[in-house]
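Okay, structure first, notes after.
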2 protein chains.
Amino acid sequence: MSLLKDYLGKFINFTPTLERVFFELCTIQEIPKKTHLFKSGDVCHHVHFIEKGFARVYYLLDGRDVTSWFAQEGQVMSAKDSLFTGKPSDYNIQLLEDSKVISINYRKLESKFDEYPALERAARLITIESYLQLDDRIKNILFYTPEERYLRLLENYPNITTRISLGYIASYLGITQETLSRVRARV
Amino acid sequence: MSLLKDYLGKFINFTPTLERVFFELCTIQEIPKKTHLFKSGDVCHHVHFIEKGFARVYYLLDGRDVTSWFAQEGQVMSAKDSLFTGKPSDYNIQLLEDSKVISINYRKLESKFDEYPALERAARLITIESYLQLDDRIKNILFYTPEERYLRLLENYPNITTRISLGYIASYLGITQETLSRVRARV
DNA sequence: TTAATTTTTTGATTTTGGTCAAAGGATTTT
DNA sequence: AAAATCCTTTGACCAAAATCAAAAAATTAA
């Protein structure tokens, strides 16, 4: 649990009570790679925190498999389009390595907000963090060439090339794997 | 003020006290077109609500002017990359029509959250709305062709072509204005 | 109303990245 | 260890959009 406590520490000052209330909403699991934590079309009720391992969010559009997000140790992920709306999601979540995952029941968390405003504050701040990540992603897509996008991804995930296969990285960058292979040959 | 009250009504149940506290943070102004509400490099402390008119968020990258967001009557806009971080923004905000703008002091708003959790809740829900808008924008860019993106934009802003010049729309769609002109000729 | 400016369209050409296909490596399974 | 599968690279060709340039249309200012 220690990575999760570190992560949340940026957003909340845990009292013993708050800590107990929060961690009662969590379940921890060891899950083998390739497992799907979530499938598109379902409604998402959980936020997943990666204690160990690597996961991706992706979607399928007329046969194409497009990765839209990665999460490694110390990061959260969810099908937020569904989590925030209660509607079925466009996204899937899949583990790319054997992982240790803490899943937080977001519906139960929401139900604590009236009693524990500190939890609602943490949720707000984490939503802001998610917003800023998306904003960065859009800047990347709109302002930079594929080569620049690849280099910037490597800054955020220095070891991604040893952990994640080329095709997933390419689709995250919005290019084909052939193009990424050529970019890589150049740099 | 009535558009703003309608907008906020989706996120908060105003008591007379809350309403007074909130609207004390607001200033309303009539501002001529082409005025900049905000310039990149500055730190943003306000959220702007468009009561009347049209505005865009854009940034400049080695000479290119790229529009990243539009807001018309009933919508909010801000340089959120700065608003949420306190760092200088990459974005500019400019009015494209003579407008009536309500500006909300976000720093003062934040300072009310401890005393009025309902305000923090509204802020959280509006942040979620912003997140979902960005998520939609990314899906648009990654999944659809320029022609499809244009048609989808028209669904959200049916009258945009009569109000906003082609170049701004093109850069929002991630294409050149020549390409948009040809797309338009086809449809 | 005319002149000036800005916006939009059209054309020719170039560039970038996509597609299709196949070969080479690496990893996993039997 | 061999076979099978999966992942990555390379090549030839193609398509979409960018770029450069200029003309036409619309808007604004004089």
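Proteins get letters first, then strands, A, B, ... in listed order; numbering begins at 1 in each.
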Whole-Å gap separating [atom2] ([N]) and [atom1] ([X]):
| X | N | atom1 | atom2 | result |
| --- | --- | --- | --- | --- |
| B:Y150 | D:dA17 | OH | P | 15 Å |
| A:R186 | C:dT16 | CZ | C1' | 10 Å |
| A:L173 | C:dG17 | CG | P | 12 Å |
| A:L166 | C:dG25 | CG | C1' | 13 Å |
| A:Q177 | D:dG11 | CD | P | 17 Å |
| B:E178 | C:dT10 | CD | P | 12 Å |
| B:I164 | C:dT8 | CD1 | P | 10 Å |
| A:L180 | D:dT9 | CG | P | 8 Å |

Does a side-chain N or O of [X] approach OP1 or OP2 of [N] to a distance below 4.0 Å, or not?
| X | N | value |
| --- | --- | --- |
| A:S181 | D:dT9 | yes |
| B:T176 | D:dA17 | no |
| B:R182 | C:dT9 | no |

Going by an N to O cut-off under 4.0 Å, is there a salt bridge joining A:K5 and A:E19?
yes
Describe, in one word, how the ring planes of A:F70 and A:Y157 are oriented to each other, choosing from parallel (under 30°), tilted (30 to 60°) and perpendicular (over 60°).
perpendicular
A:T179, nearest nucleotide to its side chain (from C:dT8, C:dT10, C:dG17):
C:dG17
For B:Y168, is the NZ or CZ atom of B:R56 found under 6.0 angstrom from the centre of its six-membered ring and inside 45 degrees of the ring axis?
yes
Test item: B:F49 and B:L4 side chains (from C-beta on) under 4.5 Å apart, heavy atoms
yes
